[in-house]
Every structure is written in C-alpha cells, then in structure tokens.
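Reading through the structure tokens given below for one structure.
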Amino acid sequence: MPEKIDLFEAIDTQRGIRYFKPDPVPDELINRLLEAAVKAPSGGAKQGWSFIVIRDPETRRKIGDLYRAGSRFEIGTDLTAQVRRAYGGAQHLEDHIEEVPVLILACIQADPGTTPSAASIFPAVQNILLAARGLGLGSVLTTRQTRFEKEIKQLLSIPDDVTTMALLPIGFPADGTRYGPTRRKPLEEVAFVERWGESWQLGSPGYTSNI
Ligand SMILES: Cc1cc2nc3c(=O)[nH]c(=O)nc-3n(C[C@H](O)[C@H](O)[C@H](O)COP(=O)(O)O)c2cc1C
C-alpha cells in the first residue's frame with residue numbers, strides 16, 4: 001500500500017485523470033477501492049449497488065469498439081478553454097478506453113416500478129475516486145456508457161432490473177499527468193448563508209464560532 005495522505009489533501013487534489021500507464025493495478029488496490037465504495041451511504045441503506053471490475057483485454061476491446069462507434073464530443077470554440085480541455089481529454093479517454101488497465105462499472109438495482117436512484121450510487125462512486133487518489137491511482141467519473149446500455153448489459157450479463165450508472169477507468173496516471181489542486185468557482189459565488197444570495201464568508205455575521 002502506498003503512503004497514506006491526509007483526507008483533505010485527497011479531497012483538494014482529486015481531479016479527472018484520463019491518461020494512464022499501461023501497468024496493471026494490483027488486486028489489493030482494487031479491493032481497497034471497492035471496500036471504500038461500499039462504505040458509502042445509500043437511500044434506505046438498501047445498498048442496491050454493484051461494481052463490475054473489468055480487466056479482461058477481450059472485454060475491454062469490445063467496450064472500446066462500442067465507444068469508437070459512438071458519438072464524439074463536440075468541442076466548439078464557444079466553450080471555455082477549461083471545458084475544451086476537459087472534452088479533449090474525455091475524447092482521448094474514449095478513443096483509448098480499452099488500453100486502461102481496469103474499468104469499474106458502477107450499477108444500481110431499482111426497486112420494482114421505480115427509476116434507478118443516482119443519489120444512491122454516486123456517493124459510492126465518489127468514495128472510489130477519493131480512494132484512488134489516496135492510493136496514487138487515477139480515475140475520472142464518466143457516464144457516457146449509457147449510450148450503449150443494452151450492449152454493455154448483454155456483454156456483461158447484467159440483470160434487467162440493474163442499470164449502469166458510471167464507468168470509472170482506473171490506472172496509474174501517465175507520466176506528465178498531475179493531480180490537482182482543482183479549480184472551482186469561489187465559495188462566495190455558490191455558498192449562501194441563511195438565504196439565497198447572501199454570500200457565505202468565513203465569519204459571516206449572526207454566528208459566533210467557539211473554535
Ligand atoms: C455526471 C458527470 C458525468 C461526467 N462524465 C464524464 C465523461 O463522460 N467523460 C469524462 O472524461 N469526464 C466526465 N466527467 C468528469 C467531469 O468532466 C469533471 O469532473 C470535470 O471536468 C472537472 O474536472 P477536474 O476534477 O479534473 O477539475 C463527468 C462528471 C460528472 C459529475
């Protein structure tokens with residue numbers, strides 16, 4: 001196991017990694033990711049999740065065939081440079097998906113007559129992303145496998161009442177690929193205090209911290 005990093009260092013530096021070394025990922029590390037996944041909360045504690053670890057080169061090749069046949073990202077000049085970079089990287093990943101050593105497909109089982117609950121799988125997916133960062137691995141949340149839901153379910157023998165929710169590529173980051181810090185909108189823009197529009201600021205009036 002690699003040296004442990006602080007939880008907040010992992011949160012602050014976890015970012016989308018889309019370029020990977022071809023090196024295999026030891027089973028112990030994959031197992032740690034899965035253990036982290038199942039520590040997540042789920043609605044009603046139902047744990048309707050499942051995670052398929054895909055390493056077989058033939059299966060990855062078949063998934064690669066699906067991705068190559070699918071729609072490509074539209075990287076228009078109207079997009080910001082940050083989004084253009086992300087789409088460029090995302091397209092590279094899809095063009096090379098079969099070369100990623102491990103793919104984890106996160107799925108959820110829906111109760112009869114209900115729609116599958118994203119809220120009950122994405123906490124587990126986020127745990128995998130953070131655990132990967134903690135173990136020196138890279139990953140990125142992707143959802144575009146939904147374009148081939150029928151084909152992927154057939155390929156992997158996934159039951160009818162189970163839906164694929166995210167495909168996580170897992171591997172060691174390629175040379176020259178770095179973790180964050182990530183760039184995000186400032187807190188004042190997205191966090192409010194007491195009511196919509198009142199920017200949250202450390203030390204906002206109305207509350208005295210005892211720390
Ligand atoms: C719902 C959702 C779907 C996403 N789908 C994809 C995807 O299909 N391909 C991809 O490369 N990244 C995908 N991402 C990752 C985002 O593009 C990424 O979080 C964003 O670019 C920020 O990147 P950063 O964490 O590296 O700053 C997705 C993220 C979310 C939350």
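For ligands, and for the atoms within them, numbers begin at 1 and follow the listed sequence.
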Taking [atom1] in [X] as the centre, count heavy atoms belonging to other residues, nucleotides or ligands within less than 6.0 Å. Is the count above 12?
X     : atom1 : answer
Glu74 : CD    : no
Arg55 : CZ    : no
Tyr87 : OH    : no

At a 4.0 Å threshold, what atoms of ligand 1 neighbour a non-hydrogen atom of [X]?
X      : value
Val140 : 12 (N), 15 (C)
Thr182 : 25 (O), 27 (O)
Thr143 : 3 (C), 5 (N), 8 (O)
Arg144 : 8 (O)
Ala90  : 9 (N), 10 (C), 11 (O)

Any sub-3.5 Å donor-acceptor pair from Lys153's side-chain atoms to Val162's backbone N or O?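 Checked: pair present.
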Is the shortest distance from a Lys or Arg side-chain nitrogen in Arg61 or Asp56 to a carboxylate oxygen in the other one below 4.0 Å?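 Result for this pair is no, no salt bridge flagged.
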Any Lys/Arg nitrogen of Arg68 or Asp95 sitting under 4.0 Å from an Asp/Glu carboxylate oxygen of the other?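 Asp95 and Arg68: not salt-bridged.
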Can you check which of Glu94, Arg184, Gln91, Arg18 brings a heavy atom nearest to atom 25 (O) of ligand 1?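 Closest candidate by heavy-atom distance is Arg184.
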So between Thr142, Leu141, Thr13, whose heavy atom ends up nearest atom 13 (C) of ligand 1?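 Checking each option, the heavy atom nearest atom 13 (C) of ligand 1 is found in Leu141.
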Does the protein put any heavy atom within less than 4.0 Å of atom 19 (O) of ligand 1?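 Flag for atom 19 (O) of ligand 1 set to false, no protein heavy atom closer than 4.0 Å.
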Audit row: Asp111, Lys46, side-chain contact (heavy atoms from CB on, under 4.5 Å) steps and yes/no: CA-CA 10 Å; Asp111 289 336; Lys46 285 191 185 144; 2.9 Å; yes
Quick check: Gly16 and ligand 1, any N/O pair under 3.5 Å apart?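 Yes, there is a polar N/O contact under 3.5 Å.
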